[in-house]
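Only one structure is covered here, and it is reproduced in the block below.
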Amino acid sequence: MDFWQRYRAIDARDTRFDGQFYTAVRTTGIYCRPSCPARTPKSDNVTFYETSAAAHEAGYRACKRCLPEAVPGTPAWNVRTDVAARAMRLINDSVIDRDGVEGLAARLGYSARQLNRILSHELGAGPLALARASRAQTARTLLVSTPMKATDVAFAAGFSSVRQFNDTIAEVFAMTPSALRATARHHGPARPAPGSTALTLSLPYRAPFDPGVFGFLAVRALPGIEEGTDRAYARTLRLAHGDARFRVEYAADEPGLPLRLTIGAVDLRDLPALLSRVRRLLDLDADPSAIDAALGADLRLRGSVAEAPGMRMPGAIDPQELLVRAMIGQQITVAAARTALAQLSACGPDSTVPGDGLDRMFPTAAEIAEGGRELLRGPRRRIDSILGAAAAMADGSLDFGYGDNPESLRSKLLPLAGVGPWTVGYVSMRVLGAPDVFLANDAAVRNGVRSLAAAAGSGTGTDPDPVPGSPALSPEFSEVSPWRSCATMHLWRAAAAAQAAARTTTKARKKATT
C-alpha cells in the first residue's frame, strides 16, 4: 500500500487494516491503529510504520483511546518469505527470549550485525526492539484479561526484571501497569473467577471468521492428546520449559463472536510462545476480506466463499509433529491416518499437566525413532521412511521450523525417503502458513473440484469452466494466486460435504429398502 491508500484507510477508520500498519502523528507524539475513532490527522503530520516497534523507536507512544497493541498481527509475515518475515515468525515464537539475537541470527543464516541491519531497513526496528514490542503486547493482553499479579505478568511476557517491565509499559503506553489494567472494563474480556488457576484470554482476529478450522482439527484429533468439536479445540503440547494444555472456543452466540482461549497449564516463561502458536494454529492474523475477494472472483469458488466467508488455513503447533502426521497421512484417508497416529501415540509419555480428559503427549522424534516400529503398520518401506525422518529430526541432521521459507523447506525435506511434493506442500501450508500452495494431485482436492463444478451446473463435474462462454480457467487455480492454499481449503470442504451427502443418501436408500 502507498501513503494515500493508507491515509484513505485511516480516514475511513477501516478495521480491516488494524495491525497491518500503524499511524504516527507528529503533532501529538502518538501512534494509533487505522480504525482509531479520533479525528483524522492532517496528512502532513502523518507517518506510517510497518510495526509498532518502529513507532516506539521513532519516539511515539501508544494511543490510550484505541490501544493499537490490542489488534491481530500483520498477515504479511505469512505472505512474505524474506528474511524480515522469517525473523518476525521466530521472534513471535520467543526465540530471542530463549536464544538471544545471536541464536535468532544463526537460525536465519546471518550474523547478528547483518540481521540488525536488514530488520532496521525493512521494518524500522532491530530484533531487540521488535522483541520488546512483542513483550509489551503480551503484557497488555495479560494485564487487561487476567487477574495475574503484575510481577507474574512481567516474567510471563518475557521481561527480565520488574523494573524493565514497568519502564517499557510506561514508555510504550504512557501508563503504569495498574492504569493499563484499569482499561479492562472497556477493552478486555471478563476475568476468571477468584481463585481460578486457569488463564482465560480473548484472542483478537479480523472478521469474518469461519469456524470450519475447528472441524478440520476435530476430525484429526488424537484421543488423550487432542479433543475437538465444530466450535472448540483443546490439546496438550510440549514447550521449551515444560508441558502445557489449552482450550480455545468460538462463542458464536455471544456479542462480538469472541474466540476465548483458556490455558489450563503452562510455565509462565512459555506463555508468549503458546499464544503465538495458538494464533498460527487458527490463522488469526489473516486478512479474510482480501482473501475472500480474490477467491470469490473465481467462478468455481464463488459459491463456497459465499457459504463460508473467512475460512482459515490451519497451522501447526509443532513442526516435527506435523511432518510425522503428514508422512503417515499421505495416500490414505483422514480416518485411517487418525487410527495409525493414535496407535503411534502410545510411545509418547504421559503429560505432566493432565486435565480435562487430556493426559498424554504426542511422542517426540526420538521416541518415535526408538519405539515406533512396533506400533506402525503397513509396507516396510513406508515404516522405514517415517522412522528415518524421525531419527534425522532427533539427531539434529534435519532441522526445520517457522523460520524457514518454502524453498529452504523443500531443499530439506525432498531428499528424505518417502517425502514427495505433496508432503512438502502440505507441511509448507501448515507449518509456514505458505499462502500459495496448491496440492493438485491430492484426491480430495480433485473431488472438491468436481463437486464445485457440479454445483455450478457444469453437468459433468469435470469441466473447469462451468459457465459457457467464459474464459478458460486453469486446473491449478493460478487465477487466485497467491491464495491457493485457501482455495485448497475450500476444495477440501466441498469434497467432505459431498462425501457426507453421499453417506446420507446411502443410509436413506438402505433404510427405504428395509
Side-chain angles (χ1 to χ4, degrees), residues 78 203 205 208-223 225-237 246-250 252 257 259 261 277-286 288 291-292 295 301 304-305 307-319 321-330 332-342 358 362 422-423 425-435 437-439 442-449 451-452 483-501 503:
N78 286 343
L203 300 174
Y205 64 89
F209 178 82
D210 177 65
V213 64
F214 288 109
F216 181 94
L217 297 171
V219 298
R220 293 162 174 79
L222 305 179
I225 298 172
E226 302 168 281
E227 181 182 82
T229 69
D230 60 354
R231 291 291 187 277
Y233 175 74
R235 72 160 292 163
T236 60
L237 70 158
F246 73 85
R247 179 179 181 83
V248 61
E249 298 174 279
Y250 179 61
L257 306 177
L259 275 171
L261 171 67
R277 295 192 186 194
V278 171
R279 295 195 63 81
R280 291 186 62 79
L281 177 69
L282 301 179
D283 197 17
L284 298 186
D285 294 329
I291 296 171
D292 286 352
L295 299 184
L301 297 171
S304 182
V305 171
E307 291 175 4
M311 185 171 288
R312 308 295 166 129
M313 178 65 236
I317 285 291
D318 182 285
E321 174 187 324
L322 198 280
L323 176 60
V324 172
R325 297 178 80 134
M327 293 183 70
I328 289 178
Q330 57 191 356
I332 60 175
T333 66
V334 171
R338 182 183 181 184
T339 299
L341 285 162
L358 303 176
F362 192 86
W422 182 94
T423 312
Y426 185 75
V427 174
S428 294
M429 291 171 67
R430 299 287 307 274
V431 173
L432 305 184
V437 175
F438 187 72
L439 304 176
D442 184 88
V445 166
R446 295 197 299 269
N447 291 338
V449 171
S451 297
L452 291 183
W483 306 117
R484 291 187 296 169
S485 295
C486 293
T488 298
M489 290 299 298
H490 279 280
L491 295 172
W492 279 341
R493 173 181 176 272
Q499 189 177 44
R503 286 196 298 266

Identify the two heavy atoms, one from [X] and one from [Y], that lie closest to each other, and give their separation to 0.1 Å.
X: A495; Y: A444; value: CB-O, 3.3 Å
X: G433; Y: R280; value: N-NH2, 3.9 Å
X: R312; Y: P288; value: NH2-CG, 3.6 Å
X: A487; Y: L301; value: CB-CD1, 3.8 Å
X: H490; Y: A308; value: CE1-O, 3.8 Å
X: L217; Y: P314; value: CD2-CB, 4.3 Å

Might you work through the side-chain contact (heavy atoms from CB on, under 4.5 Å) test for L282 and V248, ending with a clear yes or no? CA-CA 10 Å; L282 301 179; V248 61; 3.8 Å; yes
Mutual orientation of the aromatic rings belonging to Y426 and W422 [parallel < 30°, tilted 30-60°, perpendicular > 60°]
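It falls in the parallel class, under 30°.
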### Message
Apply side-chain contact (heavy atoms from CB on, under 4.5 Å) to residues L281 and F246 and explain how you reach the verdict.
### Response
CA-CA 12 Å; L281 177 69; F246 73 85; 4.2 Å; yes
Item to complete: Could you list the residues that satisfy ring-ring contact (aromatic ring centres under 6.0 Å, His included) with F214, not counting sequence neighbours?
Response: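 Listed in chain order: nothing, the list is empty.
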**Prompt:** Would a distance-only check, ignoring hydrogens and angles, find a side-chain to backbone donor-acceptor pair under 3.5 Å from R231 to Y250?
**Reply:**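 No: the side chain of R231 does not pair with the backbone of Y250.
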**Message:** With a 3.5 Å distance limit and no angle check, can you tell me whether S485 reaches the backbone of A434 through a side-chain donor-acceptor pair?
**Reply:**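 Pair found, side chain donor or acceptor close to backbone of A434.
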State the [atom1]-[atom2] distance between [X] and [Y], to the nearest 0.5 angstrom.
X: R235; Y: D318; atom1: CZ; atom2: CG; value: 7.5 Å
X: L322; Y: R430; atom1: CG; atom2: CZ; value: 5.0 Å
X: L358; Y: R247; atom1: CG; atom2: CZ; value: 8.5 Å
X: D210; Y: R493; atom1: CG; atom2: CZ; value: 6.5 Å
X: L284; Y: L261; atom1: CG; atom2: CG; value: 9.5 Å
X: L439; Y: R446; atom1: CG; atom2: CZ; value: 11.0 Å

Taking the side chain as every heavy atom from C-beta outward, state whether [X] and [Y] have any atom pair closer than 4.5 Å.
X: V278; Y: Y233; result: no
X: R220; Y: V334; result: yes
X: I291; Y: V305; result: no

### Query
Is a salt bridge present between E226 and R325, judged by a nitrogen-to-oxygen distance below 4.0 Å?
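Result for this pair is yes, salt bridge flagged.
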- Message: side-chain contact (heavy atoms from CB on, under 4.5 Å), that's the test. Do V324 and F362 meet it? Break it down for me.
- Response: CA-CA 11 Å; V324 172; F362 192 86; 4.3 Å; yes
Please step through side-chain contact (heavy atoms from CB on, under 4.5 Å) for the pair F438 and V445, ending with a clear verdict. CA-CA 9 Å; F438 187 72; V445 166; 3.8 Å; yes
